[in-house]
Structure formats: structure tokens, C-alpha cells
Visitor: 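The structure is given below, and queries will be raised subsequently.
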Amino acid sequence: MRRIRVWLVVFIVCLVLSGLTAFPLVTELHWLEDLLTSSASPFPEHFPAFTEWITRVRTGLDETDAAHPFVLYGTDWLAFAHLVIAVAFYGPYRDPVRNIWVIEFGMIACAGIIPLALICGPIRDIPFGWTLVDMSFGVFGIIPLLVVHRMIKRLETTTAGLPAARPA
């Protein structure tokens, strides 16, 4: 049970952090571009396409923020969705066996990232390298969920036949 909870806390923290970083996108892109283009950075020389992509994204966000700031409201909802989904994982934290469906829901969501990135990436003119980065969230996200799912199944078999725990 303790290992399940540790894995879930790590997953919840990652969801919360990824959600919180969606709020200040304009500021974050300015910081990232400044870091990448600083005189000490090897990125412009070794990864010029990546540096150009970050500049393009930052420019797009600046122009959108200046002319149509309401469009960025969509990323606020993206952030909020991450936070809400993180809260859902409290159910398996409390009672993993009864709430294994939340873990399965998370695994389905992680798997869904792959086709979404492969379909929408080209439609939105996203470089394939960045599509791979996006897909990595699904790949790296599903790993702890698979581990937790397996541990919950093991817990379920070891606790079968025991009286149900009473809610606190």
C-alpha cells in the first residue's frame, strides 16, 4: 500500500506541476528563449531548429496575448484540467482496489496522447521533433500508472476475502 501511495503522489505532483506551468506560458517562453539565446548557451549553434521553434512559439504567444488575450484562456482551462485530474487520483490513494478505474482512465488518457499528437501535430504545423516530445508525456505518464496498476492487482489478490475496510 505504501509503494502504491508513493507512486501516486509522484504522479499527482507531476500532474499538478504540468498544470501550473500552463498558466504563465508567455512568461515561461520569454525565460526559455532568453536562456537558449544567452551568450553561454550552446543551443543556437548545436540546435538551431529548436531555438528557432522556441522563438516562433514565443512570438506567436506574444502576438496572441497582445491582440487576442482571450485565446490564452484556453491554456488556463488546460491547466485547470490537469489540476482536476490530479485530484481524481486521490481516490486510488485512499482506496486503490476500489478506485483502480481511475488508474485505468489515466492509462487510456496517456495512450490517447499518441494519436492526438500524431494527428493534430501536422495539422497545427508542429515540428515532428516537438510531436515526439508531446508523445513522451504519454509514454512517461503511463509507466508509473502501469506499475501502480500491477501493484493494485497484487494487493487485490492478497486482500481477497478480508473484511472490507470501513471509511474513515
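Everything numeric in this text was worked out from a predicted model, so none of it was measured.
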Visitor: Using atom types as modelled and distance alone, determine if a side-chain donor or acceptor of Ser136 lies under 3.5 Å from a backbone N or O of Val133.
Guide: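 Yes: the side chain of Ser136 pairs with the backbone of Val133.
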Visitor: CG/Leu145 to CZ/Phe105 distance, rounded to the nearest 0.5 angstrom?
Guide: 10.5 Å
Visitor: Counting only heavy atoms from other residues, nucleotides and ligands, does the tally under 6.0 Å from CZ of Phe137 exceed 12?
Guide: no
Visitor: Show the nearest heavy-atom pair for residues Phe11 and Gly141, with the distance to one decimal.
Guide: CE1-O, 3.4 Å
Visitor: What I want to find out is whether Asp34 reaches Arg58 closely enough, with some N-O distance under 4.0 Å, to be called a salt bridge.
Guide: no
Visitor: Which heavy atom of Tyr90 sits nearest to which heavy atom of Ile12, and what is that distance?
Guide: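 So the minimum-distance heavy-atom pair works out to N-CD1, 4.3 Å.
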Visitor: Rounded to the nearest 0.5 Å, what separation is found between the OG1 atom of Thr37 and the CD1 atom of Ile54?
Guide: 11.0 Å
Visitor: How far does CD1 of Ile4 sit from CD1 of Ile152, to the nearest 0.5 angstrom?
Guide: 5.0 Å
Visitor: Under 4.5 Å between side-chain heavy atoms, counting indirect links through other Ile/Leu/Val/Met/Phe/Trp/Tyr residues: same cluster for Leu83 and Ile85 or not?
Guide: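 Yes, Leu83 connects to Ile85 through the hydrophobic network.
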Visitor: Report yes if the side chains of Leu61 and Asp65 come closer than 4.5 Å at any heavy-atom pair, otherwise no.
Guide: no
Visitor: Quick check: is Leu8 connected to Val13 through a chain of hydrophobic side chains (ILVMFWY, heavy atoms under 4.5 Å apart)?
Guide: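 In one cluster with Val13: Leu8, yes.
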Visitor: Report yes if some heavy atom in the side chain of Val10 is under 4.5 Å from a heavy atom in the side chain of Pro144; otherwise report no.
Guide: no
Visitor: Which distance, rounded to the nearest 0.5 Å, do you find between the CZ of Phe128 and the CG of Leu118?
Guide: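 It is 6.5 Å, given to the nearest 0.5 Å.
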Visitor: Is any side-chain heavy atom of Glu156 closer than 4.5 Å to a side-chain heavy atom of Lys153?
Guide: yes
Visitor: Start with the C-alpha gap between Trp130 and Val57, add the side-chain angles, then the distance that decides, and say whether side chain to side chain contact (heavy atoms under 4.5 Å, CB included) holds.
Guide: CA-CA 12 Å; Trp130 200 261; Val57 172; over 6 Å; no
Visitor: Mind telling me whether Trp77 and Tyr73 have parallel, tilted or perpendicular rings, with 30° and 60° as the class edges?
Guide: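 It falls in the perpendicular class, over 60°.
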Visitor: For residues Leu29 and Phe23: do they belong to one hydrophobic cluster (side chain heavy atoms under 4.5 Å, members Ile, Leu, Val, Met, Phe, Trp, Tyr)?
Guide: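 No; tracing contacts between hydrophobic side chains, which count when under 4.5 Å, never links both residues.
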Visitor: Just wondering, are more than 12 heavy atoms of other shown residues or ligands nearer than 6.0 Å to CZ in Arg3?
Guide: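 12 or below, so no.
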Visitor: What distance separates Thr158 OG1 from Met151 CE, expressed to the nearest 0.5 Å?
Guide: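 Nearest 0.5 Å value for the OG1-CE distance: 12.5 Å.
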Visitor: Drop me the distance from Glu104's CD to Asn99's CG, to the nearest 0.5 angstrom.
Guide: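 It comes to 11.0 Å.
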Visitor: Which heavy-atom pair separates His30 from Asp62 by the least distance, and what is that distance?
Guide: NE2-OD1, 2.8 Å
Visitor: Backbone N or O of Ser38 within a donor-acceptor pair of the Ser41 side chain at under 3.5 Å?
Guide: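 Not at all, since once roles are kept as given, no pair shorter than 3.5 Å links the two residues.
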Visitor: I need the minimum non-hydrogen distance between Leu15 and Ser18, along with the two atoms involved.
Guide: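 So the minimum-distance heavy-atom pair works out to O-OG, 2.9 Å.
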Visitor: Of all the heavy-atom pairs spanning Ala22 and Leu78, show the shortest one and how long it is.
Guide: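 Looking at all heavy atoms of both residues, the shortest contact is CB-CD2, 4.2 Å.
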Visitor: Can you confirm whether Thr131 sits close enough to Arg124 that some side-chain heavy atom of one is under 4.5 Å from a side-chain heavy atom of the other?
Guide: no
Visitor: Given the rule that I, L, V, M, F, W and Y join up when any side-chain heavy atoms are under 4.5 Å apart, are Leu146 and Tyr93 in one cluster?
Guide: yes
Visitor: Counting C-beta onward and ignoring hydrogens, is there a side-chain heavy-atom pair between Asp95 and Val97 closer than 4.5 Å?
Guide: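 They are in side-chain contact.
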Visitor: State plainly whether one hydrophobic cluster holds both Phe43 and Trp53, where clusters connect Ile, Leu, Val, Met, Phe, Trp and Tyr through side-chain heavy atoms under 4.5 angstrom apart.
Guide: yes
Visitor: Check whether Thr64 reaches the backbone of Gly60 with its side chain - one donor and one acceptor, N or O, closer than 3.5 Å.
Guide: yes
Visitor: Which atoms form the tightest heavy-atom contact between Ala86 and Val16, and what is the distance?
Guide: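 Looks like CB-CG2, 3.7 Å.
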